[in-house]
Amino acid sequence: MTLHHVGPVPGAELIRVNEDIDLIKVSVGPMDNNAYLIRPEAGPAILVDAAAEPGRLKALVGDDEVGAVITTHRHSDHTGALADVIAATGAQPWCGKPDAEAIEASTGVTCRTVWDGDVFRLGDIELDVIGLVGHTRGSIALRLRGNPSDHVLTGDSLFPGGVGKTSGSREFEQLYNDVCMKIFAPLADTTVIHPGHGDATTAGEERPNLPLWRARGW
């Protein structure tokens, strides 16, 4: 599978997850945030990270029914369009439980919550929820099982070249350990990592660099 960068201009990248589900990626806002639409062959879709530019996100959704908007973490560059998109689509908002209070305070949106080990189901879509503590207390990644490869939407917890930004060594250690134990340990090298900004990578591309990340502390 070829993975192409999607810039902050009209256009989107279509990724075929399996014969029944597509993953559509678009970049929005001044911080090049990735928003993802998980669209099944039939039934409601899921939008992950209504980050910015609600008009573009509504155009991305088009006539599709959106049953849920899932926010990967509480930072404002990932929630900027949340209230507008929820109002326009009538979708149910969801997020990681430890970040729910902060998201409500900044957006006015009250989210239902999931956390590590939960399975989120909507129609034909099934997502494994992975709690990754360190970038924020309530960051989540979402694993979408595919054929031939699984896909994991990691928010700002994992990027090509390292884990997400943390506020200190303790938070780095927590996030590094969570990523190692919950993503790299159980998942195959072919697993595609879709971060909250920029380009995708694979678990196999990043795995050899884990000792380097640990040594440098970021």
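All values below were derived from every heavy atom in this structure, side-chain atoms included, with hydrogens, water molecules and symmetry-related copies excluded.
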Handout entry: Heavy-atom check, side chain of Thr201 versus side chain of Asp199, under 4.5 Å
Key = no

Practice task
Please indicate whether Lys58 has more than 12 foreign heavy atoms, meaning atoms of other residues, nucleotides or ligands, lying under 6.0 Å from its NZ.
Solution key: yes

Exercise for the section: Find out whether Ile21 and Ile125 are in side-chain contact, i.e. whether some heavy atom of one side chain is under 4.5 Å from a heavy atom of the other. Expected result: yes

Practice task
Heavy atoms only: give me the nearest Asp156-Gly196 pair and the separation to one decimal.
Solution key: OD1-CA, 3.7 Å

Completion exercise
Closest non-hydrogen contact found for Asp124 with Ala42 is OD2-O, 3.9 Å

Handout entry: Spacing of CH2 belonging to Trp218 relative to CG belonging to Leu212, to within rounding of 0.5 Å
Key = 8.0 Å

Practice task
Starting from the C-alpha separation in whole Å, work towards a yes-or-no answer on side chain to side chain contact (heavy atoms under 4.5 Å, CB included) for Ile130 and Ile140.
Solution key: CA-CA 5 Å; Ile130 305 168; Ile140 56 173; over 6 Å; no

Handout entry: Audit row: Leu47, Tyr36, side chain to side chain contact (heavy atoms under 4.5 Å, CB included) steps and yes/no
Key = CA-CA 6 Å; Leu47 182 68; Tyr36 297 94; over 6 Å; no

Handout entry: Salt-bridge contact Arg214-Glu173 (side-chain N to carboxylate O under 4.0 Å)
Key = yes

Handout entry: Closest heavy-atom pair and its distance - Ala68, Ala91
Key = N-CB, 3.8 Å

Practice task
Could you tell me the separation between the CG atom of Leu23 and the CD1 atom of Ile15, rounded to the nearest 0.5 Å?
Solution key: 4.5 Å

Handout entry: Salt bridge flag under 4.0 Å for residues Asp189 and Arg207
Key = yes

Practice task
Could you tell me whether the side chain of Thr71 and the main chain of His73 form a donor-acceptor pair under 3.5 Å?
Solution key: no

Practice task
Taking the side chain as every heavy atom from C-beta outward, state whether Trp94 and Cys111 have any atom pair closer than 4.5 Å.
Solution key: no

Problem - Beyond-backbone contact of Val152 with Leu187, side-chain heavy atoms, under 4.5 angstrom - result: yes

Problem - Non-hydrogen side-chain atoms of Val26 and Leu57 separated by less than 4.5 Å - result: yes

Problem - Nearest heavy-atom neighbours spanning Leu122 and Gly67 - result: CD2-CA, 3.8 Å

Practice task
Walk me through it: do Asp77 and His197 pass the test side chain to side chain donor-acceptor pair (under 3.5 Å)?
Solution key: CA-CA 10 Å; Asp77 62 311; His197 305 261; 3.3 Å; yes

Handout entry: Residues Ser139 and Thr136: side-chain donor-acceptor under 3.5 angstrom
Key = yes

Practice task
For atom CD of Glu171, decide whether the heavy atoms of other residues, nucleotides or ligands shown that lie under 6.0 angstrom number more than 12.
Solution key: yes

Practice task
Please name the residue in the list Asp128, Asn18, Thr191 that meets the side chain to side chain donor-acceptor pair (under 3.5 Å) test with Arg145.
Solution key: Asp128

Practice task
Look up atom OG1 in Thr113 and atom CD1 in Ile103, then write down how far apart they are to the nearest 0.5 Å.
Solution key: 10.5 Å

Exercise for the section: Just jot down the ring-ring contact (aromatic ring centres under 6.0 Å, His included) partners of Phe172, sequence neighbours excluded, or say none. Expected result: Tyr176

Practice task
Determine, step by step, whether Asp64 and Arg39 satisfy the side chain to side chain contact (heavy atoms under 4.5 Å, CB included) criterion, reporting the C-alpha distance in whole Å, the side-chain angles of both residues, the deciding distance to 0.1 Å, and the verdict.
Solution key: CA-CA 8 Å; Asp64 290 341; Arg39 187 175 66 187; 2.9 Å; yes

Exercise for the section: Drop me the distance from Cys95's SG to Glu104's CD, to the nearest 0.5 angstrom. Expected result: 9.5 Å

Practice task
Answer yes or no: is there a donor N or O on one side and an acceptor on the other, between the side chain of Asp49 and the main chain of Thr72, under 3.5 Å?
Solution key: yes

Practice task
Evaluate side chain to side chain contact (heavy atoms under 4.5 Å, CB included) for Glu206 paired with Leu158, printing each intermediate quantity in order.
Solution key: CA-CA 10 Å; Glu206 305 304 323; Leu158 178 62; 5.7 Å; no

Problem - Over 12 non-hydrogen atoms of neighbours within 6.0 angstrom of CZ in Arg170 - result: no

Fill in the blank from the handout: What one should report as the nearest heavy-atom pair of Ala83 and Val109 is CA-CG2, 3.7 Å

Fill in the blank from the handout: Scanning both residues in full, the closest heavy-atom pair of Gly131 with Asp116 reads N-OD1, 3.0 Å

Practice task
Give a yes or no answer on whether the side chain of Asp99 reaches the backbone of Arg74 with a donor-acceptor pair at less than 3.5 Å.
Solution key: yes

Fill in the blank from the handout: Here the gap from Asp178 atom CG to Ser157 atom OG, rounded to the nearest 0.5 Å, amounts to 8.5 Å

Handout entry: Neighbour count above 12 (heavy atom, 6.0 Å) for Lys182 NZ
Key = yes

Problem - Under-4.0 Å salt bridge between Arg143 and Asp150 - result: yes

Practice task
Check for a donor-acceptor pair, side chain of Asn34 on one end and backbone N or O of Pro195 on the other, with a separation under 3.5 Å.
Solution key: yes

Practice task
Measure the CD1-NZ distance between Ile38 and Lys25 for me, rounded to the nearest 0.5 Å.
Solution key: 14.0 Å

Problem - Ile193 and Thr202, any side-chain heavy atoms less than 4.5 Å apart - result: no

Exercise for the section: Indicate, with yes or no, if Leu37 and Val69 share a hydrophobic cluster defined by side-chain heavy-atom contacts under 4.5 Å among Ile, Leu, Val, Met, Phe, Trp and Tyr. Expected result: yes

Practice task
With the side chain counted from C-beta on, respond yes when His135 and His75 share a heavy-atom pair under 4.5 Å apart, and no when they do not.
Solution key: yes

Exercise for the section: Tell me whether Val119 is reachable from Val17 by hopping between hydrophobic residues (I, L, V, M, F, W, Y) whose side-chain heavy atoms are closer than 4.5 Å. Expected result: no

Problem - Common cluster, Leu175/Val133, ILVMFWY with side-chain heavy-atom separation under 4.5 Å - result: no

Practice task
Please answer: with hydrophobic residues joined when any side-chain heavy atoms are less than 4.5 Å apart, are Leu142 and Trp115 in the same cluster?
Solution key: yes

Exercise for the section: Check whether any side-chain heavy atom of His78 lies under 4.5 Å from a side-chain heavy atom of Asn33, and answer yes or no. Expected result: yes

Handout entry: Same apolar cluster (I L V M F W Y, side chains within < 4.5 Å links), Leu144/Val48
Key = yes

